[in-house]
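These numbers come from the heavy atoms of this one structure, side chains and all, not from hydrogens, waters or symmetry mates. Sequence lines set the chain letters: A, B, ... in the order given, protein chains first and strands last, and positions in each chain run from 1.
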4 protein chains.
Amino acid sequence: MPRISPERRAAKRGDIIAAARRCFSRDGFHQTSMPEIAAEAGLSAGAPYRYFASKEEIILAIASDAFRLVFEPVQRLAEATDAPTVADLVAAALRTIEQDTVTDAAGRMVPVEELLRCAVQTWSEILRSEEVRDGAVKGFEGVHRSIAEALRRGQAVGSMPATVDADLAARTVMGLLHGMLLQRVAFGAADAAGLADGVQAVLRQ
Amino acid sequence: MPRISPERRAAKRGDIIAAARRCFSRDGFHQTSMPEIAAEAGLSAGAPYRYFASKEEIILAIASDAFRLVFEPVQRLAEATDAPTVADLVAAALRTIEQDTVTDAAGRMVPVEELLRCAVQTWSEILRSEEVRDGAVKGFEGVHRSIAEALRRGQAVGSMPATVDADLAARTVMGLLHGMLLQRVAFGAADAAGLADGVQAVLRQ
Amino acid sequence: MPRISPERRAAKRGDIIAAARRCFSRDGFHQTSMPEIAAEAGLSAGAPYRYFASKEEIILAIASDAFRLVFEPVQRLAEATDAPTVADLVAAALRTIEQDTVTDAAGRMVPVEELLRCAVQTWSEILRSEEVRDGAVKGFEGVHRSIAEALRRGQAVGSMPATVDADLAARTVMGLLHGMLLQRVAFGAADAAGLADGVQAVLRQ
Amino acid sequence: MPRISPERRAAKRGDIIAAARRCFSRDGFHQTSMPEIAAEAGLSAGAPYRYFASKEEIILAIASDAFRLVFEPVQRLAEATDAPTVADLVAAALRTIEQDTVTDAAGRMVPVEELLRCAVQTWSEILRSEEVRDGAVKGFEGVHRSIAEALRRGQAVGSMPATVDADLAARTVMGLLHGMLLQRVAFGAADAAGLADGVQAVLRQ
DNA sequence: GATGAATGAGCCTTCATTCAT
DNA sequence: AATGAATGAAGGCTCATTCAT
């Protein structure tokens with residue numbers, strides 16, 4: 001029988017993740033030390049190891065959060081709409097990165113900026129860690145499939161030309177999502193206001 | 001009177017960069033040690049320090065290469081064409097990441113895969129290093145401007161609707177470039193064949 | 001809630017200083033590595049860094065100890081005596097370097113030989129490190145002032161000729177202290193027995 | 001037959017020593033690298049090794065120079081004068097460190113400041129290097145003997161009390177020399193003007 | 001004789017992780 | 001459960017010295 005209730009345990013994990021996300025967003029995965037994370041969470045240096053086996057595991061948890069939060073809105077639209085257009089999906093995707101905060105798995109408000117900065121770093125981890133990559137690829141393929149299927153439904157009802165490749169169109173949607181995300185946090189193109197609508201207009205030209 | 005000519009010196013720098021790029025592409029910036037780079041270049045541990053003041057400087061050089069090589073083709077098209085369409089520019093941008101090799105500043109053949117894996121890591125560095133960020137932002141803004149101006153020329157001659165925001169359209173082009181790049185090296189969507197044409201078709205739908 | 005009390009922490013710092021002093025006395029500041037100091041203190045390589053930010057800081061602590069212990073006795077005499085003579089002050093100063101051990105700030109017995117060998121090295125550091133120099137100059141000026149004032153009191157009551165320069169006389173006292181210190185540890189004139197009285201006799205000739 | 005005449009060889013050695021002395025005076029023995037010395041002498045990195053087997057040997061040469069130049073004037077007075085007083089010898093000794101330049105073995109003008117800064121560092125080397133120590137002790141004992149003998153001649157003719165210990169008196173002279181030297185370069189008591197006469201007055205009080 | 005590129009051992013320092021308390 | 005001191009393996013970098021040219 002656990003000395004601590006599963007709820008308390010999960011809450012503490014959430015605290016540590018949130019602390020780590022703040023640190024990582026500020027200094028980067030590899031410039032943040034475990035004691036720093038612990039201190040940011042108001043814990044002693046050894047405490048996080050009761051909740052996570054290693055720093056890697058914390059990174060993994062954050063990566064998984066980041067992928068989910070970034071993908072969720074498009075996926076929801078793709079699954080909830082009969083025959084969305086590419087432009088609609090793109091707009092839905094970009095809406096996420098226009099916002100200031102999102103709500104994470106534990107119901108915590110997370111500054112979007114913080115999340116996106118972690119997301120970008122996560123992409124580097126994909127190249128190194130098989131586990132991160134597996135999570136990322138699986139997540140990507142899930143959304144990709146949802147979008148492609150939605151687009152195929154559109155082709156079936158004629159709201160989208162049958163000649164375009166639905167898979168490539170789905171990739172296009174996600175590419176724009178990632179590309180604009182990157183512009184916001186890395187390339188100084190942070191003025192995201194109206195981004196979703198603007199890009200939608202470009203695509204509808 | 002230097003024993004090695006400036007050319008040989010530059011060639012050696014190039015060798016070290018190439019070795020570092022192989023290591024970085026394989027293991028990541030922070031998982032690669034300086035002695036590893038030296039060994040990969042066939043040198044002793046101290047040798048790279050005659051050519052670069054620090055590991056940071058090597059990363060910087062690679063980052064700068066990566067930005068240039070990724071941006072060059074679109075920028076060239078934007079500057080060489082009277083009134084390119086968004087789809088044309090996107091196709092030009094994506095052509096780069098469809099290839100297998102590119103030629104770097106020193107005239108060396110570089111596997112694109114290698115370069116792109118470094119590019120993704122570079123984005124993380126942008127968040128940490130002011131110098132990397134400056135280079136990145138400057139590079140980004142240069143291409144962005146070229147593309148936006150090309151699109152405005154298109155609007156002037158009526159080949160593109162005057163209602164779309166040329167700046168946002170330019171961001172869209174670059175977003176797609178970065179997003180597809182990421183898919184190729186990180187999300188396992190590596191089958192890039194026909195990518196440029198396919199996405200062009202999507203946009204023209 | 002610290003696991004070790006401030007007292008234990010101070011004691012550990014003292015242990016490390018003592019270990020470093022033994023190493024430095026034996027091999028010199030720059031021939032002693034941090035792992036050597038740690039080993040001499042019975043600790044692992046990283047442990048001293050929990051107590052000192054850098055090797056420099058350890059050197060600084062030892063330098064400051066050395067200055068204080070060497071200067072203390074003369075200064076005390078100068079401040080406690082109404083009108084001491086130059087010869088009295090010199091004798092008091094030299095008494096320190098005749099001894100075998102002194103007690104350091106932490107109440108630890110320190111072999112004088114060890115301390116003096118560090119003192120000599122400290123003088124070299126003065127030439128390099130602004131911080132060491134500041135401490136040294138401040139310490140020097142403090143004792144110098146105390147001695148000069150004591151001598152001026154002597155001149156006021158006629159126990160010393162008014163014609164001699166009290167400042168120079170004070171420098172003479174300290175010069176002899178440092179000069180004899182150096183002879184003991186560097187020039188092989190270690191037979192310090194009777195040094196204080198003998199030099200006093202010379203001065204009173 | 002040497003490829004280079006002994007004179008040229010000696011001159012080059014002198015150049016290197018002079019360059020090293022400038023570097024050492026400025027940065028310290030252990031903060032100065034061999035390539036730095038070579039560059040200061042206008043030579044390539046490897047060149048000094050044709051004239052000195054190691055950095056240690058350069059230090060040794062400089063140490064030996066420093067001891068000689070510091071000791072020479074007192075020793076000359078002690079040997080040239082029938083019955084000098086302690087105060088006379090001290091004044092002669094201090095005259096050296098009042099000056100701005102001295103002439104080294106090769107006839108080169110050397111800033112006294114530079115020489116004295118090296119001398120202080122040399123004392124640290126004594127603690128580490130048997131060779132430096134041997135040279136130092138030998139030099140010290142030579143001067144010490146000269147001074148003690150001169151003082152004994154004084155005792156023989158009655159110009160000095162027979163009760164004082166001539167050896168200790170000689171040590172006193174040398175102690176003052178070293179102590180004042182140290183004050184000039186390390187303790188910021190650099191106003192050496194009138195030092196010799198002033199201290200003489202103190203001793204004659 | 002000279003050059004200066006290269007070597008490689010060694011140094012200071014950091015930090016993920018463990019474990020006695 | 002929690003603490004935080006301690007561990008010890010690297011890592012980036014320097015530099016005395018060598019040697020091919």
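- Close to F:dA2, at under 4.0 Å from its OP1 or OP2, lies a side-chain N or O of A:Lys12.
- Note on C:Ser44: a side-chain N or O is less than 4.0 Å away from OP1 or OP2 of F:dT7.
- Checking E:dA16, F:dA9, F:dA6 against the side-chain heavy atoms of A:Pro35 singles out E:dA16 as nearest.
- Taking atom CZ of residue C:Arg50 and atom C1' of nucleotide F:dA5, one finds them 5 Å apart after rounding to whole Å.
- Take the nearest nucleotide of DNA chain F for C:Arg9 and for B:Glu56: the residue whose nucleotide is more 5' is C:Arg9.
- Comparing C:Leu43 and B:Phe29 by the nucleotide of DNA chain F that holds the closest heavy atom to each, the one mapping nearer the 5' end is C:Leu43.
- When all heavy atoms of D:Phe24 and D:Lys55 are compared, the closest pair comes out as CE2-CE, 4.5 Å.
- The A:Met34 side chain lies nearest to E:dA16 when the options are E:dA16, F:dG11, E:dT7.
- Protein atom CD of C:Glu36 is 13 Å distant from nucleotide atom C1' of E:dC12, rounded to whole Å.
- With rounding to the nearest 0.5 angstrom, the CG atom of C:Asp15 is 8.0 Å from the CG atom of C:Leu43.
- The number of heavy-atom neighbours closer than 6.0 Å to CD of A:Glu131, taken from other residues, nucleotides and ligands shown, is 12 or below.
- Between C:Arg21 and C:Asp65, some side-chain heavy-atom pair lies under the 4.5 Å cut-off.
- Residues D:Ser25 and D:Glu113 form no side-chain contact, since every pair of their non-hydrogen atoms from C-beta on lies 4.5 Å or further apart.
- Here E:dA16 is the nucleotide among F:dG12, E:dA16, F:dA2 with the atom lying nearest to any side-chain atom of A:Lys55.
- A 3.5 Å limit on both hydrogen-bonding distances identifies E:dG10 as the Watson-Crick or G-U partner of F:dC13.
- We find that CD1 of D:Ile58 is positioned 14 Å from C1' of F:dC15, with the value rounded to whole Å.
- In this structure, CG of C:Asp15 is placed 14 Å from C1' of F:dA5, rounded to the nearest angstrom.
- Distance C:Glu7 CD to F:dA5 P: 14 Å, rounded to the nearest Å.
- With rounding to whole Å, A:Phe52 atom CZ is found 16 Å from E:dT18 atom P.
- Each of E:dA2, F:dG12, F:dT3 was ranked by its minimum atom distance to the side chain of A:Ala47; first place goes to F:dT3.
- Backbone-only contact: B:Tyr51 has heavy atoms under 4.0 Å from sugar-phosphate atoms and none from a base.
- As a whole-Å value, the separation of C:Ile37 CD1 from E:dC12 P is 8 Å.
- When both pairing distances are held under 3.5 Å, E:dA20 makes a Watson-Crick or G-U pair with F:dT3.
- Whole-Å rounding puts the B:Asp27 CG to F:dA10 P distance at 15 Å.
- At E:dG4, none of the side-chain N or O atoms of D:Tyr49 fall inside 4.0 Å of OP1 or OP2 (strictly under the cut-off).
- In this structure the side chain of C:Phe67 reaches within 4.5 angstrom of the side chain of C:Ile126, judged on heavy atoms.
- Along DNA chain E, the nucleotide closest to A:Ser54 and the one closest to C:Ser33 are compared, and the more 5′ of them pairs with C:Ser33.
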